[in-house]
**Student:** 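Please read through the structure below; I'll follow up with questions.
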Amino acid sequence: METDNIVIRRARIIDPRRQLDRVGDVLIGGGQILGTGRVGVDRRPEGCRVIDGSGLVVSPGFIDLHCHLREPGFEYKETIAAGSKAGAKGGFTTLCCMPNTNPPIDTAAVVEFIHQRARQDSLIRILPIGCVTKGRKGHELAEMEELASAGVVAFSDDGDPVYDANIMRLALTYSSDLGLSISNHCQERSLSCNGVMAEGSVATHLGLDGIPAAAEEAMIARDIALAEATGGRLHVAHLSTAGSVSLVRQAKERGISVTAEVCPHHLTITDQWVFGSKGQPTAAAGGLAYDTSTKVYPPLRSQRDVDALVTGLADGVIDCIATDHAPHDVTSKQVTYQDAAFGISVLETALGSLLQLVHGRKLSMGAMVERLTNGPARVLGESFADLASMEPGTPADIVLFDPNAEWTVDTSEFESKGKNTPLEGTVLKGRVVATFAAGNIVYESPELRFEAPRAKP
Ligand code: DOR
C-alpha cells in the first residue's frame, strides 16, 4: 500500500538488530523504512511530512508473543478490532494471539477466520498461535502440520498446560520439523490445586489457597528434559519464579533449545498488591480487602522472584517480554477472589510499567527495546526478522515513544474492552506518542508534533 513520506527528526533511534542507539532521523515511505541516520532537507521527498522527534525514542514496533484477543467466542471480553487498537496504543505492531477461543484455534478454518478478521478489523499484524492438542483438551495432538500450513506461528494450549508428557514429547518432536515453537503454560495441576494466588504470607493472611513455585518449576523441568531428548523448540510462557529463571539458565548453558518470556506485571509488582493496596504495606496491615484484578496465572509473586526475573531479563536468559494481555468483562472480576477469572489487561500499560525498570536503572533502554522486538522475533524464527528491524527496505512498523511523559492509568480511556488492571489510578512514566504499521499512523497521541512545512526557497 502506498503511504505518505514521513521523516521523524532528531529522535533517539534504537534498532537492536543493528546494535544502533543514536540520535538521528528516520525516513519512511511506501510502507517501508527508507533510511535512518541524517536525512537532510535535500533527501526529503516532495511533500514529506516532518515529525519532531526530539526527546523521543523511535524503535521497531513491539512484538507480543502472547496475548488473548478472545475472538472467536468471547467477544464480550475482547475483539480483534479492540485488541489491535489497544496494541497500537501500547506501541505493538505485531500481536500473536492465543488459541483459548471458542472454537479454539485447532483447525485451518479457525486460522483462516482469524486472518480474515485481522484483514478486516486490525491495523496491525495479527499472528495466530495454534493449539497443541485438539480442542485444548490435552488428549490428542492437533493437526499441527495443517495448522502450520494455514499460518500459525507457534503452538500452545495456553490457559492450560500440555499436561501429558508424552503428548508434549511428540509436539516437541514435530516442532523442529515445522520450525515453530511449543509455548507451554507450565502448571503442575496436582500442585497448584485450587490455588488462586502465590503461596506465602499474603495468601495465609487473606486465607486464600496458595500456588507453590514448584507448580511452575516442576513442569518447566519436565519440558526441558523433553526438549533435550527431542531437540524440539521449547518456549516457556510467562516465567514467574526465581527457580524458573535458574532452570532456563541452566538449560541454555547445556545448549538445550529453550526460550522464555516474562510479563510486565511479574517484573514490576508483587503479591502484596493482592491486598488491594497497590503494594503498600500499611493498607495491607488491615488485611480485610483484596483486589481481584491482581488475580492472574501465573500469580504475582515475591520481591525475590521479581528481582530474579528482572536480572534474568537484563542478562538475556529470558529472551523476551510478552504481555499475556488477558482482558475480562467486569462481572468476571466483581466476585470473590476464588471465583474471579485469572488475567490482567496489559497492552496499554506494558511500556509504562517496563520503563519503571529503565528509570530505576535495573534494565537498560536498549535491553528493554531488544526484549520487545528482536527477542520475540528470534523466538518466532528467522523469517520474522524483518518485523524487528529498521534496516532500509523493511516494513515501516515502528513506535515513537516519550520515555518521560507521566500519565495516570485510567481504564475508561483504554481501547481494550478489558478494564481489569490493578494499575488503575497509578502514575506511570513513559508513553507511546505514535505507532506506525506499514508506514501508516495507526495510533497517535496529542503529543505528536508535526513541523510546519518549510516554504520553498
Ligand atoms: O491469567 C491468565 N489469563 N493466565 C492464563 O494463562 C490465561 C489467561 C486468560 O486466558 O484469561
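As the structure lists them, so they are numbered: ligands from 1, and atoms in each ligand from 1. We're numbering straight along the sequence, starting at 1.
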**Student:** Output the list of atoms in ligand 1 that are nearer than 4.0 Å to some heavy atom of Asp324, sorted by atom number.
**Tutor:**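 Within the 4.0 Å cut-off of Asp324, ligand 1 contributes 4 (N).
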**Student:** With heavy atoms of His185 as the reference, note each atom of ligand 1 found under 4.0 Å away.
**Tutor:**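 So the atoms of ligand 1 that pass are 6 (O).
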**Student:** Check each atom of ligand 1 against the heavy atoms of Val296 and keep those under 4.0 Å away; list them by number with element.
**Tutor:**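 Selected atoms, number and element: 1 (O).
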**Student:** Among side-chain atoms of Asp64 and Thr323, is any donor-acceptor pair under 3.5 angstrom?
**Tutor:**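 Their side chains do contain a donor-acceptor pair, which is all the 3.5 Å distance test asks for.
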**Student:** Considering only the protein, which heavy-atom contact is closest to atom 4 (N) of ligand 1, and what is its distance?
**Tutor:**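 In this structure, atom 4 (N) of ligand 1 has Tyr297 O, 2.8 Å as its nearest protein heavy atom.
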**Student:** Could you tell me, atom by atom, which parts of ligand 1 come under 4.0 Å of a heavy atom of Gly159?
**Tutor:**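 Within the 4.0 Å cut-off of Gly159, ligand 1 contributes 6 (O), 7 (C).
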**Student:** Angle between ring planes, His185 versus Tyr297, binned at 30° and 60°: parallel, tilted or perpendicular?
**Tutor:**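 If you compare the ring of His185 with that of Tyr297, the planes turn out parallel.
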**Student:** Under 4.0 Å between a side-chain nitrogen and a carboxylate oxygen: does that hold for Asp157 and Lys137?
**Tutor:**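 Answer for the salt bridge query: no.
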**Student:** Checking Gln272 against Thr270: is there a side-chain donor and acceptor pair closer than 3.5 Å?
**Tutor:**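 No, Gln272 and Thr270 have no side-chain donor paired with an acceptor closer than 3.5 Å.
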**Student:** Which ligand 1 atoms are under 4.0 Å away from a heavy-atom of Ala326?
**Tutor:**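 The list of qualifying atoms is 3 (N), 8 (C), 9 (C), 11 (O).
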**Student:** State, without any angle test, whether Asp319 and His235 hold a side-chain donor-acceptor pair at a distance under 3.5 Å.
**Tutor:**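 Per modelled atom types, Asp319 and His235 side chains form no pair under 3.5 Å.
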**Student:** Under 3.5 Å, N or O to N or O, is Ile344 touching ligand 1 that way?
**Tutor:**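 The answer is no, given that Ile344 and ligand 1 share no N or O pair closer than 3.5 Å.
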**Student:** Which ligand 1 atoms, with their elements, are less than 4.0 angstrom from a heavy-atom of Asp158?
**Tutor:**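 Contacts of ligand 1 toward Asp158, numbered from 1: 6 (O), 7 (C).
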**Student:** Considering heavy atoms of the protein only, find what lies nearest to atom 3 (N) of ligand 1 and give residue, atom and distance to 0.1 Å.
**Tutor:**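 Ranked first by proximity to atom 3 (N) of ligand 1 is Phe342 O, 3.1 Å.
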**Student:** Using a strict cut-off of 4.0 Å, indicate which atoms of ligand 1 neighbour a heavy atom of His328.
**Tutor:**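 Taking each heavy atom of His328 in turn, ligand 1 has 11 (O) under 4.0 Å.
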**Student:** Any side-chain donor paired with an acceptor under 3.5 Å for Tyr443 and Glu415?
**Tutor:**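 Looking only at side-chain atoms, Glu415 and Tyr443 do not form any donor-acceptor pair under 3.5 Å.
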**Student:** Could you check Leu357, Leu428, Leu354 and say which one makes a side-chain contact (heavy atoms from CB on, under 4.5 Å) with Thr268?
**Tutor:**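 With Thr268 as partner, Leu357, Leu428, Leu354 yield a single side-chain contact (heavy atoms from CB on, under 4.5 Å), made by Leu357.
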**Student:** Take Tyr337 and Thr294 through the test side-chain hydrogen bond (donor to acceptor under 3.5 Å, both in side chains) and record every step on the way to the result.
**Tutor:** CA-CA 9 Å; Tyr337 210 86; Thr294 59; 2.8 Å; yes
**Student:** With atom 11 (O) of ligand 1 as the reference point, say which of His68, Gln187, His238, Arg70 has the nearest heavy atom.
**Tutor:**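 Considering heavy atoms of His68, Gln187, His238, Arg70, the nearest to atom 11 (O) of ligand 1 sits in Arg70.
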